[in-house]
Number of protein chains: 2
Amino acid sequence: MSQTVDRALSILPLLAQGPADLGQVADRLGVHKSTALRLLRTLHEHGLVYRQQDQRYRLGARLFALAQEAVENLDVREIAHPHLAALNNECGHTVHLAVYEENEVEVLYIDKVESRYPVRMYSRIGKPVAITVAAVAKLLLADLPEAERRTIAEKLDYPTYTSRSTPNAAAFLKELALVREQGWATDLGGHEESINCVAAPVRGADGRVVAAMSVSAPNVVVTAEELLTLLPLVRRTADAISREYSGNTPPKEARA
Amino acid sequence: MSQTVDRALSILPLLAQGPADLGQVADRLGVHKSTALRLLRTLHEHGLVYRQQDQRYRLGARLFALAQEAVENLDVREIAHPHLAALNNECGHTVHLAVYEENEVEVLYIDKVESRYPVRMYSRIGKPVAITVAAVAKLLLADLPEAERRTIAEKLDYPTYTSRSTPNAAAFLKELALVREQGWATDLGGHEESINCVAAPVRGADGRVVAAMSVSAPNVVVTAEELLTLLPLVRRTADAISREYSGNTPPKEARA
DNA sequence: CGTCAAGTTGCAGCATGTGCAACGACCATT
DNA sequence: AATGGTCGTTGCACATGCTGCAACTTGACG
């Protein structure tokens, strides 16, 4: 809606792919160098962009601080974390929490608990999920009104990660209908051949799905059948989170 | 430099303090509601801002994704991490990595390895460091040209966290001179009474300090004297990171 | 049913952002 | 050392697109 701001903000994802110099930024924005310069300067003053010694620009550290504060405002995550950790403790597998935000066509992981190497745990948080195959993505999209589901399904690409990846919009919509009905979802080798997931939804007080959680494990550790036996446990955990989340309905300033 | 973008970006730190509605945003920006609306809409389209059901705005998940990609491009962190983990493995204490970015008056932790509860490890990453007392902050600031050091020292506040906190600009500058000369730094109960740290700098190819790392431990585990015996180990680790970081001098597209 | 508060829209005026062209700094090449 | 080229930077005239106003819509409350 605002051209100037729109252009300025378009620089951020551009720089996220790697450092770029003034000329490159101007080219990819389709504006004059002097225009790009002014935009970059403004971003720089706010610390969102950093200029390294070779004069190329990259994303700045302030972005960090903001993202940090943003996540602290996500109450679902805060409430869910102990439950995720407990679940991980019980079954030993990787546990994910993901959300979908309206007009984005992305589902993002916002938390992850890994069994083996907890040190690297946050390496994937914030990364977009493979939206057409991931169990958590199916749950989040399945909850949308049908019209919206259809619109999105047609906008998406359907990459063939494996032979079991969702092939097209029709198949995806069918899968969403199934997921919506049964209240849980799976991804059996649809993203990586040897990885399976089971997932369950977290619901707010109004019954709408606000987040989704999943347990993932490679074939070599447990078979798909074995993983499915964890479904009741996963659903129980998700329900517990839902209860706690919608119980404290006013999540802010609630001091009984 | 660009009024519109400047205003739009000012909304972000404002929302970082917590959700706000249109009127509040307009007030705090000092602009008309319709102007604020257009800015917020633009931010929303880029996913930096999210509109919750009560129509109030908050920071969006896209910030995450961006910060995530940004951190992956921060090569220091990538190179340093295995060294930090090894050091942690050897001594068992908490290990930090921090950077300082030019025109900000902030030092930020960009990595952390904790001994006891690695699961919560990233909770502090991205948070600003207590700049007047932290050992890593001293190292990063001590490397700046004298004029800049003085300017910054005078801009800072000197909160009295404990009786041993740096009291004022003069004391801080003196400490920076010492740190600069000896090439390492400590914080002995300056931030929290019972916590001590020793830190060493990571240098780039040109010799400038690009990051700083520290080992922290509470009094009850090891005394300050015992912690100081780790200094050689810390310095060796930092030097190893420096070598690796400046060795692969062209960190991008370097395929021999 | 009426009042009030908060969000939204269309519009006229002009502040502000835009692209151009010229300048300066730096590097590589001869 | 001189020259040509690339890239970042600056000042300026123009008109684009941003701004604030005022009127309209929506929803909550009594």
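Computation of the quantities below employed the complete heavy-atom set of this structure, encompassing side-chain atoms and omitting hydrogens, waters and symmetry-equivalent molecules. Naming: A, B, ... by sequence-line order, numbering from 1 per chain.
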Just N and O in the side chain of A:R7: are any of them under 4.0 Å from OP1 or OP2 of C:dT18?
yes
Check the distance between C:dA6's C1' and B:R56's CZ and give it to me in whole angstrom.
14 Å
Check: A:R203 side chain, A:S242 main-chain N or O, donor-acceptor pair, under 3.5 Å
no
Just the rounded figure in Å: distance from P of C:dG17 to CG of A:L40.
15 Å
Assign each of A:T4 and A:G23 the nucleotide of DNA chain D bearing its closest heavy atom; nearer the 5' end lies the nucleotide of A:G23
Does a side chain donor of either A:D111 or A:H81 reach within less than 3.5 Å of an acceptor in the other side chain?
yes
Side chain of A:Q3 - closest among D:dC18, C:dG19, D:dT9
D:dC18
By nearest atom, which of the nucleotides C:dT18, D:dT19, D:dT9 is closest to the A:R38 side chain?
C:dT18
A quick test of your reading: do over 12 heavy atoms of other residues, nucleotides or ligands sit less than 6.0 Å from CD of B:Q182?
yes
Starting the side chain at C-beta, find the nucleotide from C:dG7, C:dT18, C:dT16 nearest to B:R51.
C:dG7
Apply side chain to side chain contact (heavy atoms under 4.5 Å, CB included) to the pair B:V234 and B:S214, showing each step before the final yes or no.
CA-CA 7 Å; B:V234 175; B:S214 70; over 6 Å; no
CG of B:L39 versus P of D:dG17: gap in Å, rounded?
16 Å
Contacts of type salt bridge (Lys or Arg N to Asp or Glu O under 4.0 Å), residue A:D143, not counting sequence neighbours:
A:R208
Among D:dC18, C:dG17, C:dG7, the one nearest A:S2 by side-chain distance
D:dC18
Value in whole Å for how far the P atom of C:dT8 lies from CE of A:M1:
12 Å
With a 4.5 Å limit on heavy-atom distance, are the side chains of A:L66 and A:L48 in contact?
yes
Would you indicate which nucleotide in C:dG19, C:dT8, C:dT16 comes nearest to any side-chain atom of A:V31?
C:dG19
Within the sub-3.5 Å range, which N or O atoms of nucleotides 20-24 of chain C have a protein N or O partner, and how far apart are they?
unit_1 : atom_1 : unit_2 : atom_2 : d
C:dC20 : N4     : A:S34  : OG     : 3.3

Under 4.0 Å between a Lys/Arg side-chain N and an Asp/Glu carboxylate O for B:E146 and B:R150?
yes
Ignoring the backbone of A:R41, work out which of D:dT10, C:dT9, D:dT19 is nearest its side chain.
D:dT10
In terms of side-chain heavy atoms, does A:Y50 have a donor or acceptor partner in A:R58 at a distance below 3.5 Å?
no
Got a donor-acceptor contact below 3.5 angstrom from the A:Q24 side chain to the A:D21 backbone?
yes
To the nearest angstrom, how far is A:L37 atom CG from D:dC12 atom P?
17 Å
Rounded interatomic separation in angstrom, taking CG from A:D21 and P from D:dC7
7 Å
Separation of atom CG in B:D27 from atom P in D:dG20, rounded to whole Å
13 Å
Between P of C:dT8 and NE2 of B:H44, the distance in whole Å
11 Å
Would you indicate whether the side-chain heavy atoms of A:L84 and A:I241 approach each other to under 4.5 Å?
yes
To the nearest 10°, let me know how far the axis at one end of the helix from C:dC1-D:dG30 to C:dT30-D:dA1 is tilted from the axis at the other, five pairs an end.
40°
